[in-house]
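Chain letters run A, B, ... following the sequence lines, proteins first, then strands; residues in each count from 1.
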Amino acid sequence: MTAKLPRSFYLQDTVTVARSLLGCVLWRRIGRELLAARLVEVEAYLGANDSASHARRGLRSARNESMYLEGGHAYVYFTYGMHWCLNVVTAEGDIAEAVLLRAAEPLRGIETMRERRSKAKRDRDLMNGPAKLCSAMAVGKSLDGEPLDGNALWLTARDQAVNEDDIAVSHRIGVENSGESAHWPLRFFIRGNPYVSR
DNA sequence: TTATTGATTGACT
DNA sequence: GTCAATCAATAAA
């Protein structure tokens, strides 16, 4: 059993956390059921100065309140009237930085994930998108603001090495109309991995 | 007060 | 490739 990532991991620079999360394993416990997936695609959101962030210009509401928690908590938000997305909060309290978990490779509990994601035709379609990842792992409002070293949701270190050269970088997805930060290189994914969203 | 817009997905042409 | 679903936060009036 691999140890849960310590709180100090999430207090590093947000881009460092984002890159370091690639290859790490996300765990979800629901009763006796244990699900796991290897992260293959993430995006960094850099708080008040990031025009694509929910916390742009210091915006703060009930919805994004957990973005302002200290690093090591979950920020789960509802979007498009029907989807949930999961972020790993970074930085100290009151600094709204976070990493959006966009795609993962299912490792454990795949049959259960298939039940939750009945529209997925292949295993690679189970978690190749931020809302798909949440659907597969039953992540919703109940986990918003929860610590990431708890009993329902946590992360462990890479189960296999990831070379820096294998980390590809691009602009973030779905933020084309969000102003000057739209082109910032804050999406990180494992080059060539079949489980990335695109 | 009303209108617009999503950190998306899946169905359809 | 286009587009509807569906609702909350924000922007506009």
Is it the case that the base of B:dA7 and the side chain of A:Y77 share a donor-acceptor contact (distance under 3.5 Å, atom types as modelled)?
yes
Rounded to whole Å, the NE2-P distance (A:H83 to C:dA4) equals 15 Å
Taking a pair to mean Watson-Crick or G-U wobble geometry with both distances below 3.5 Å, C:dT6 pairs with none
Which of C:dA9, B:dA7, B:dG6 is nearest the side chain of A:N87? It is B:dA7
From CZ of A:R116 across to P of B:dT9 the rounded distance in Å is 17 Å
Could you go step by step and tell me if A:E164 and A:R19 meet the side-chain contact (heavy atoms from CB on, under 4.5 Å) rule?
CA-CA 9 Å; A:E164 284 295 306; A:R19 298 179 66 101; 2.9 Å; yes
For this session: Determine whether the side chains of A:R117 and A:S135 contain a donor N or O and an acceptor N or O closer than 3.5 Å.
Result: no
By nearest-nucleotide position on DNA chain B, the 5'-leaning member of A:G81 and A:A131 is A:G81
To the nearest angstrom, the CZ-P distance between A:R198 and B:dG10 comes to 13 Å
| field | Any donor-acceptor pair under 3.5 Å from A:E43 side chain to A:I173 backbone | value | yes
When A:R117 and A:Y45 are each assigned the nearest nucleotide of DNA chain B, the 5'-most assignment goes to A:Y45
Among the nucleotides B:dT8, C:dT6, C:dA11, whichever has the atom closest to the side chain of A:M82 is C:dT6
Row check, A:Y195 ring normal vs A:R38 NZ/CZ: under 6.0 Å, within 45°
no
In whole angstroms, the gap separating C1' of B:dA7 from CZ of A:F78 amounts to 14 Å
From CG of A:L126 across to P of B:dT9 the rounded distance in Å is 13 Å
Taken to the nearest whole Å, NZ/A:K119 to C1'/C:dA5 is 10 Å
Taken to the nearest whole Å, CG/A:N177 to C1'/B:dA7 is 12 Å
